Undergrad: 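Structure provided below as structure tokens; questions to follow.
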Protein chains: 2
Amino acid sequence: MTTPTADWLRLDQQICFSLNAASRAFGGVYRVILKDLGLTYPQYLVLLVLWEHGDLPVKDLGGHLRLDSGTLSPLLKRLEAAGLVHRERSTLDERSVRVRLTEDGTALRERALEVPRRIAAATGFDVDEIRDLRTRLDDLTTALDKAARHPDRTPPPQQGSAGA
Amino acid sequence: MTTPTADWLRLDQQICFSLNAASRAFGGVYRVILKDLGLTYPQYLVLLVLWEHGDLPVKDLGGHLRLDSGTLSPLLKRLEAAGLVHRERSTLDERSVRVRLTEDGTALRERALEVPRRIAAATGFDVDEIRDLRTRLDDLTTALDKAARHPDRTPPPQQGSAGA
DNA sequence: CACAATTAAATTGCACACAACCAAAGAGCG
DNA sequence: CGCTCTTTGGTTGTGTGCAATTTAATTGTG
């Protein structure tokens, strides 16, 4: 109504594109900072989960990170080649592969403690702003995930959605 | 001060990870919606720019999207194979390659007008919320880009930043 | 004009993401 | 036990994203 349809393609771009750009900008900063540790950003995320939760099967790791085996398998192979984690099949359930930190992987945590401060400094945002932003993003993710599971049960914006 | 150093690795994870997760969640929704148009999300972004600005050299396209030729070259090759754009070297400056929409590429815009409405519906956010979020994300991107260019000239977060 | 420096694209190599498919192992049931 | 179904990881193929290198064209300087 208020916006001509022709402008929608610009408005639309701004939402998703801003998110995409911010995500890649973060990636750029992490890339610089994590280079000292020999890690990529996704590898760092995997280690964060392991440092916090200890040994985990690949399945649970993917649950925490929202990643599937197609992404995690080669990534974990590289972390194992770097000597930071070790993979071993569970004896109870041989389908499951448990990911365990090596001594080097555990030790790397000490050096990683520097990372958050440097990232926070790079953003220039204070803690409250960050927390607020995070909350909104998580709400957005939840809504989008739900929408992705159902194909498109969204009623047109006109008309009251009395259908429920 | 307020947070034990050991918890920083969790706080840190939440900011960047929320952003990353939201970005990928958006990607998932776009993937479903754009499948009808035979486009990926980055390809759609390229077309958005071309629909808005008309013909552009690869360089300017990358400027709008914050992407370099390493990403754009193969992407544009695929768009050209799909018959949506055409590439031709400029006669004035033969280093430059101009990207031009074909008739099919121009016509696709009509069908793309549906996309923003479906995306907006998927988020469940209203226009003001979206705009506010976008503003913050753009601020974040600006800060991060600046920080990425300078290695690490950020003073410790204590001390009032009276410097301005 | 010769020649170094710069610029625009393309190419190569590496690392995600994700869909689709595959194989092995477990679970449930006759 | 045999059979099917499900679960868990792995593999393959496609498409980005980005660093580093290469090639061709242009610009700047003497």
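In what follows, chains carry the letters A, B, and so on, assigned in the order in which the sequence lines appear, proteins first and then strands, with residues in each chain numbered from 1. Both backbone and side-chain heavy atoms feed into the values below; hydrogens, waters and symmetry mates do not. These figures come from a predicted structure and were not determined experimentally.
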Undergrad: Check each residue of residues 70-85 of chain B for a non-hydrogen atom within less than 4.0 Å of any atom in DNA chain D, then write out the ones that pass by number, or none.
TA: B:Gly70, B:Thr71, B:Leu75, B:Arg78
Undergrad: Using the salt bridge (charged side-chain N to carboxylate O under 4.0 Å, His left out) criterion, which residues pair with B:Asp93? Sequence neighbours excluded.
TA: B:Arg95
Undergrad: Tell me which pairs pass ring pair (Phe, Tyr, Trp, His ring centres under 6.0 Å) where either residue lies in residues 56-85 of chain B, with sequence neighbours left out.
TA: B:His53-B:His64
Undergrad: Do B:Leu47 and B:Val85 make a side-chain contact, defined as non-hydrogen atoms from C-beta onward lying under 4.5 Å apart?
TA: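 When only atoms from C-beta onward are counted, B:Val85 and B:Leu47 do touch, with a gap below 4.5 Å.
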Undergrad: Could you list by number each residue of residues 44-68 of chain B showing a heavy-atom separation from DNA chain C of less than 4.0 Å, or answer none if no residue does?
TA: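 Result for residues 44-68 of chain B: B:Pro57, B:Val58, B:Lys59, sorted by number.
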Undergrad: Could you pull out all residues at least two apart from A:His86 that satisfy side-chain contact (heavy atoms from CB on, under 4.5 Å)?
TA: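 A:His86 satisfies side-chain contact (heavy atoms from CB on, under 4.5 Å) with A:Glu80, A:Glu88, A:Arg100, A:Thr102 only.
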Undergrad: Rounded to whole Å, how long is the line connecting atom CZ of B:Arg87 with atom P of C:dA8?
TA: 17 Å
Undergrad: Apply salt bridge (charged side-chain N to carboxylate O under 4.0 Å, His left out) to B:Asp138 and list each qualifying residue two or more places apart in sequence or on a separate chain.
TA: B:Arg134
Undergrad: Under 3.5 Å between N/O atoms: give me all the protein pairs with nucleotides 24-29 of chain C, atom names plus distance.
TA:
residue: C:dG26; atom: OP1; partner: A:Glu94; partner atom: N; Å: 3.0

Undergrad: Any side-chain N or O of A:Thr40 below 4.0 angstrom from OP1/OP2 of C:dC16?
TA: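 True: A:Thr40 side-chain N/O within range (under 4.0 Å) of C:dC16 OP1/OP2.
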Undergrad: Excluding sequence neighbours, so at least two apart, what forms salt bridge (charged side-chain N to carboxylate O under 4.0 Å, His left out) with A:Asp128?
TA: A:Arg131
Undergrad: Can you name the closest pair of heavy atoms from A:Ala112 and A:Pro116 and give their distance?
TA: O-CD, 3.2 Å
Undergrad: Check whether any side-chain N or O of B:Arg89 sits under 4.0 Å from OP1 or OP2 of C:dA9, and answer yes or no.
TA: no
Undergrad: Identify, with sequence neighbours excluded, every residue that meets salt bridge (charged side-chain N to carboxylate O under 4.0 Å, His left out) alongside B:Glu114.
TA: B:Arg117
Undergrad: Scan residues 22-42 of chain B for pairs that pass salt bridge (Lys or Arg N to Asp or Glu O under 4.0 Å), counting only residues two or more places apart or in two chains.
TA: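 Applying salt bridge (Lys or Arg N to Asp or Glu O under 4.0 Å) to every pair that reaches into residues 22-42 of chain B, excluding sequence neighbours, yields B:Asp36-B:Arg118.
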Undergrad: When we call it a touch if two heavy atoms are under 4.0 Å apart, what does B:Ser69 touch: a base, just sugar-phosphate, or nothing?
TA: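 B:Ser69: base contact, heavy atoms under 4.0 Å.
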Undergrad: What range of DNA chain D does chain A touch, first nucleotide to last, counting atoms under 4.0 Å from its heavy atoms?
TA: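 With heavy atoms of chain A under 4.0 Å away, the range is D:dT7 to D:dA19.
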Undergrad: Could you check if a side-chain atom of B:Arg136 sits within less than 4.5 angstrom of a side-chain atom of A:Asp132, using non-hydrogen atoms only?
TA: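 Yes - at least one pair of side-chain heavy atoms lies under 4.5 Å apart.
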Undergrad: Not counting sequence neighbours, list each pair that qualifies as a salt bridge (Lys or Arg N to Asp or Glu O under 4.0 Å) and has a residue in residues 48-66 of chain B.
TA: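 For residues 48-66 of chain B: A:Arg10-B:Glu52, B:Arg66-B:Asp145.
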Undergrad: To the nearest 0.5 angstrom, please state how far the OG atom of A:Ser18 sits from the CG atom of B:Leu133.
TA: 8.5 Å
Undergrad: Describe, in one word, how the ring planes of A:Tyr44 and A:Tyr30 are oriented to each other, choosing from parallel (under 30°), tilted (30 to 60°) and perpendicular (over 60°).
TA: tilted
